[in-house]
Amino acid sequence: MTQAQTGRPPKLDNDAVTASLGSLPGWTLRADQAAIVKTFRFKDFNEAFGFMTRVAILADKIDHHPEWFNVYNRVDVTLNTHDVGGISRLDIEMATFMEQAAR
């Protein structure tokens with residue numbers, strides 16, 4: 001299916017994902033190569049929650065939502081595009097935004 005048919009960008013190949021990860025410090029390819037993952041650490045819960053709130057606003061806007069887990073100052077993130085069965089441009093955009101939001 002094309003992007004026009006699914007409403008989602010196509011799945012990225014492994015070379016494109018690897019190239020993108022070069023500019024995303026701390027992000028790694030999950031063992032099954034179907035997602036990218038990172039753990040963010042903050043000063044406290046308030047900072048972690050603020051980060052999650054900023055990301056949630058973008059996620060809602062672009063209709064692309066992270067899988068994440070939060071305990072106190074830690075936020076574990078997994079990004080993939082379920083519709084394409086792997087990683088798409090949306091995941092890279094979301095990871096890039098998260099890097100900015102975490103500063």
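Residue indices begin at 1 and follow the sequence shown.
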To which residues is Val37 joined in a hydrophobic cluster, defined by side-chain heavy-atom contacts under 4.5 Å among Ile, Leu, Val, Met, Phe, Trp and Tyr, whether direct or through other members?
-> none
Quiz: residues 58-66 side-chain donor-acceptor pairs under 3.5 angstrom, not counting sequence neighbours:
from  : atom 1 : to    : atom 2 : distance (Å)
Asp60 : OD1    : His65 : NE2    : 3.4
His64 : NE2    : Asp91 : OD1    : 2.7

If the plane angle is over 60° it's perpendicular, under 30° parallel, otherwise tilted; pick one for Phe42 and Phe51.
-> tilted
Which pairs count as ring-ring contact (aromatic ring centres under 6.0 Å, His included) when at least one residue sits in residues 67-94, sequence neighbours excluded?
-> none
Gap between atom [atom2] of [Y] and atom [atom1] of [X] - 0.5 Å precision:
{"X": "Ile92", "Y": "Ile87", "atom1": "CD1", "atom2": "CD1", "result": "6.5 Å"}
{"X": "Asp76", "Y": "Arg41", "atom1": "CG", "atom2": "CZ", "result": "7.5 Å"}
{"X": "Thr78", "Y": "Arg30", "atom1": "OG1", "atom2": "CZ", "result": "6.0 Å"}

Applying ring pair (Phe, Tyr, Trp, His ring centres under 6.0 Å), name anything that partners Phe49, two or more places apart in sequence or on another chain.
-> Phe45
Do [X] and [Y] have side chains that approach each other closer than 4.5 Å (heavy atoms only, starting at C-beta)?
{"X": "Val75", "Y": "Met98", "answer": "no"}
{"X": "Glu47", "Y": "Asn73", "answer": "no"}
{"X": "Thr96", "Y": "Leu24", "answer": "yes"}

Under the side-chain hydrogen bond (donor to acceptor under 3.5 Å, both in side chains) rule, collect the residues that match up with Arg54, sequence neighbours excluded.
-> none
For [X] versus [Y], what's the shortest heavy-atom pair and its separation?
{"X": "Asn80", "Y": "Ala34", "answer": "CB-O, 3.0 Å"}
{"X": "Val55", "Y": "Phe97", "answer": "CA-CE2, 3.9 Å"}
{"X": "Ile36", "Y": "Ala95", "answer": "CD1-CB, 4.0 Å"}
{"X": "Thr81", "Y": "Ser88", "answer": "OG1-OG, 2.7 Å"}
{"X": "Ala35", "Y": "Leu29", "answer": "O-CD1, 3.5 Å"}

Inter- and intrachain pairs under side chain to side chain donor-acceptor pair (under 3.5 Å), touching residues 10-24, at least two apart = Asn14-Gln33
